[in-house]
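Note that ligands are numbered from 1 as they come in the structure, with each ligand's atoms numbered from 1 the same way. Because only heavy atoms are used, hydrogens play no part in the values below, and waters and symmetry mates are left out as well, while side chains stay in.
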Amino acid sequence: MSEMTCAVWYGVNDLRVERRPLPEPRGREVLVRVAACGVCGTDLHLVDGSIPLYQPPRVLGHEMAGTVVALGPEARSTPLGARVAIDPSLPCGACFFCREAQPYRCPNRTPAIGGFGEYLAVPEQTAYPLPDGLPLEHGALAEPLSCCLHALELAAPRAGETIAIVGAGTIGLLLLQLARRSGAALVAVSEPDAERRELALRLGADLTIDPGTEDPRERLLAATEGIGVDYAFEAVGAAATAACAISLPRRGGTVVLVGVAPADAEIVLRPYELFERELTLRASFIRAFEFRRAVALLPRLEVEPLLGARFPLPEIHAAFAAAGSRRGVKTLVTP
Ligand SMILES: [Zn+2]
Ligand SMILES: [Zn+2]
């Protein structure tokens, strides 16, 4: 076999299923047969042209897990047959940020993406072996989970504190599980979709809020004796939800923006309000060194309820439509 099927992104709303040559692993690369790749909000934004993270043409897909089926001549850390999740970017190692031990801020990262294809060759450093017995599909959530770990650790809540999460998609529901396990006294989730609110309750939320009919700030003030929550996480990637998250923390509280908003989204900030509340406003960009721990944590979390419909590669358009319409939580492409 010398060819494979993949979905190539050519530009705004132009995604084509094509046959391409099977990549050959070179140097320290490994060839991975993709078992599952999540469709992320970032993919939707890339394809509709609202964020400029990558340039087309390119095979997208950065939340992937699969099996190592061939090794480059210099690969030595990952055995043939290993079941792995892929950290989708490799820092350059030589820039200011890499040399400051902040490789995730590296502007010269080599993307190791391409999960919307049957196979991809990636540097072996990006392949993380999955725990025995973990379904490969669950491995596709290692990447979003690593982003959640990073966001939570930026805020570093203490046990007994209160946390609000705006949005119950994959990121929100993973953050919820991490917050629950970190000992939060209250975890509240704001989400307009009734099914997702129900899921949030099942996964451990103390209370859920329907922002369509209730004011999240009022609900959370009532739940915290008029004080406000200690931390609020924005897990949607939109202007309105960012503004909502910023309104929630108490005086001296912290907001963490996790969702990836369209590049032209804007919100109004009132400096007086930031001053009066002495608010800490943080943004969380992908991950630093959390990927290994995300993989180790996966068997401890409830992943199955987060998985929505599975689509084979030729149905990638349907997969994107399902992810865009927020049916299920995490839509998977299973090449
Ligand atoms: Zn993602
Ligand atoms: Zn670098």
Side-chain angles (χ1 to χ4, degrees), residues 7 9 15 34 36-48 50-54 58-66 85-117 120 122-123 125-126 128 137-152 167-175 178 233-238 256-263 283-291 294-295 298 301 303 306-308 316 319-320 322-324 326 328-333:
W9 168 55
L15 204 54
V34 179
C37 183
V39 181
C40 178
T42 313
D43 297 315
L44 302 180
H45 285 333
L46 278 162
V47 169
D48 73 18
S50 60
I51 60 171
L53 199 56
Y54 301 115
R58 183 183 278 286
V59 180
L60 298 175
H62 61 270
E63 301 179 356
M64 56 204 147
I86 307 295
D87 177 345
S89 76
L90 188 70
C92 77
C95 72
F96 172 89
F97 296 101
C98 286
R99 289 175 172 172
E100 285 289 305
Q102 300 165 15
Y104 64 115
R105 295 184 174 138
C106 172
N108 313 316
R109 282 172 301 135
T110 305
I113 64 174
F116 299 142
L120 79 162
V122 292
Q125 302 96 307
T126 67
Y128 288 71
E137 288 187 341
H138 293 199
L141 289 197
E143 194 276 339
L145 180 59
S146 70
C147 297
C148 294
L149 272 178
H150 184 61
L152 192 73
T170 307
I171 294 289
L173 293 171
L174 288 172
L175 271 172
L178 294 176
F233 292 85
E234 197 279 347
V236 179
V256 185
L257 302 179
V258 193
V260 183
S284 183
F285 178 68
I286 60 172
R287 74 201 70 80
F289 295 99
E290 294 86 1
F291 207 95
V295 167
L298 271 175
L301 301 184
V303 173
L306 271 50
L307 300 181
I316 183 115
F320 271 61
R326 300 162 57 86
V329 178
K330 174 57 73 185
T331 302
L332 293 178
V333 172

Note: SG(Cys92)-the Zn ion (ligand 2)-SG(Cys106) angle, rounded to 10 degrees, equals 100°

Got Arg287 and Cys148 here, is their nearest side-chain heavy-atom distance under 4.5 Å?
no

Would Glu63 count as a contact for the Zn ion (ligand 1), in the sense that one of its N, O or S atoms lies under 2.8 Å from it?
yes

Nearest heavy-atom neighbours spanning Val34 and Gly115:
CG1-O, 3.5 Å

Kindly determine whether Phe320 and Thr331 satisfy side chain to side chain contact (heavy atoms under 4.5 Å, CB included), including the steps that lead there.
CA-CA 8 Å; Phe320 271 61; Thr331 302; over 6 Å; no

Within Cys147, is some N, O or S atom less than 2.8 Å away from the Zn ion (ligand 1)?
no

Run the side chain to side chain contact (heavy atoms under 4.5 Å, CB included) check on Leu120 and Met64 step by step: do they pass?
CA-CA 10 Å; Leu120 79 162; Met64 56 204 147; 3.9 Å; yes

